[in-house]
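We name chains A, B, ... by the order of the sequence lines, and we start the count at 1 in each one.
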Number of protein chains: 2
Amino acid sequence: MLSDMAPRTTASRAPRKTADGGSEARERLLRTASELFYAEGIHVVGVDRIVAAAGVTRATFYRHFPSKEDLVEAYLGVEDANLRGMFDAAQVATDDPVELAGLLIDGIAEDVARHHTRGCPFINAAAEYPDADSGVRRAVGKHRAWFRGSLERVVSALGSDDPVTRAGQLVLLRDAALVGGYLDGWDNVRVAFVGAARQAAGLDPAH
Amino acid sequence: MLSDMAPRTTASRAPRKTADGGSEARERLLRTASELFYAEGIHVVGVDRIVAAAGVTRATFYRHFPSKEDLVEAYLGVEDANLRGMFDAAQVATDDPVELAGLLIDGIAEDVARHHTRGCPFINAAAEYPDADSGVRRAVGKHRAWFRGSLERVVSALGSDDPVTRAGQLVLLRDAALVGGYLDGWDNVRVAFVGAARQAAGLDPAH
DNA sequence: CTCAGCATAGAACGATCTTTCTCTTTGATG
DNA sequence: CATCAAAGAGAAAGATCGTTCTATGCTGAG
């Protein structure tokens, strides 16, 4: 269903740049690869599959990405940017720390239920990249450090005791929600997650 | 460090059966493959690597396992048996439900800290097997269903309200502890895990 | 209009993947 | 001692992996 998309009209074959300067082929590659990597895993998805699904040739692929691993890192970069975007949106939406914390927890739940039904892209990637020094693992570490730090700031603004531990618990719970949603079904996880997360944040457990 | 072990004395080349009826070559294969799969991932570890590290030939491999996937399932079977063993040992050790719950939480923490430093074998395997109908994913599902059910029984014995949700939270927390221990380091996760787990179980949060 | 640059198509590289094969050697059992 | 199953060594199948290559066509900027 993904491999046989875009017969690609022969009419659009030139260096079409996209609005923000990137090339169209590059964006199609990145978007297609992101879907495939997330849905199926990284090592199982070969370059052939990616270029076929993106309607691009191997030569074009290697013009935009020096190697497959660079594409993997770009994929994680997209996921990272998405989550940062969600955080920013929530922070713009309210000034009240309590409301912000509730918004973030609900946003995470919403995201797990609707978009990330195959687990956490970073956890899944890390499962396939055991070398902690690899570029992929460094990207994972950077993302997680940012996420943890952001939560610490949010929890601190709540004025609760031991914000570091509480933020750590929220990190744990989001990981678990993503994993559990994938392997046990979101319906079996939702209640446990929201309850535990609100408690960890120091919010009134009621919804 | 693993690939160049056991030059294998030419003296032991026969159908040596092991104590419980299994063959020696089969056990060596399973043990070696388990280490490699857990430490590096499944798709990255080829049959060549496994047979070389186990000091066995491909022919012997395929005599014991119809395909590589059967070996993967056997590997998950070992992990499943290990965790069940831990549960059984704790249940033998005490009759008091409160003490049992504490023992299990500490046992999980101990296990994450010492043995499972590369995440959860089942979560990692699931990351590489997107097909929910595959044998691997079925093994994962079976293991998780057993784990969840066992926790529900333990929490029920505590007499706490809503044991299903509480057990669900404990499942979440163990997943998260395994993932977090791998990606963030156990030291950054331990306090958050033990605290949240004891609270979820309805135990006195103090250690 | 010309030309550099990007995208195309498609073949090909060597490496590695899983699986199967033949042939020999070993050890335990009758 | 003769027999047979299990394990040995090693070649080889056919597929797919990531990567590089040549040769051609289209486009927009100079």
For [X] and [N], give me the distance from atom [atom1] to atom [atom2], rounded to whole Å.
X	N	atom1	atom2	answer
L71(A)	dT19(D)	CG	P	10 Å
I50(A)	dT16(D)	CD1	C1'	14 Å
E24(B)	dT26(C)	CD	C1'	13 Å
D70(A)	dG18(D)	CG	P	13 Å

When every nucleotide of nucleotides 12-22 of chain C is labelled 5' to 3' by its protein contacts under 4.0 Å (heavy atoms), B for base, S for sugar-phosphate only, - for none, what sequence of letters results? ------BBBB-
Quick one: ring-ring contact (aromatic ring centres under 6.0 Å, His included) partners of Y62(B), sequence neighbours excluded? none
Would you please name every residue forming a ring-ring contact (aromatic ring centres under 6.0 Å, His included) with Y75(A), sequence neighbours left out? F37(A)
Report, one line per pair, each donor and acceptor closer than 3.5 Å where one atom sits in a side chain of residues 144-151 of chain A; sequence neighbours left out.
from, atom 1, to, atom 2, distance (Å)
R144(A), NE, D184(B), OD1, 2.9
R144(A), NE, D184(B), OD2, 3.4
R144(A), NH1, D175(A), OD1, 3.2
R144(A), NH1, D175(A), OD2, 3.4
R144(A), NH2, D175(A), OD2, 2.7
R144(A), NH2, D184(B), OD2, 2.9
W146(A), NE1, S150(A), OG, 3.1
R148(A), NH2, D184(B), OD2, 3.0
S150(A), OG, W146(A), O, 2.9

For dG8(D), take OP1 and OP2 only and decide whether either is under 4.0 Å from a side-chain N or O of T60(B). yes
Please name all residues satisfying salt bridge (Lys or Arg N to Asp or Glu O under 4.0 Å) with E110(A), sequence neighbours left out, ordered by chain then number. R114(A)
Once salt bridge (Lys or Arg N to Asp or Glu O under 4.0 Å) is applied, do any residues pair with R153(B), and if so which ones, sequence neighbours excluded? none
Is the H116(B) ring parallel, tilted or perpendicular to the Y38(B) ring (thresholds 30°, 60°)? perpendicular
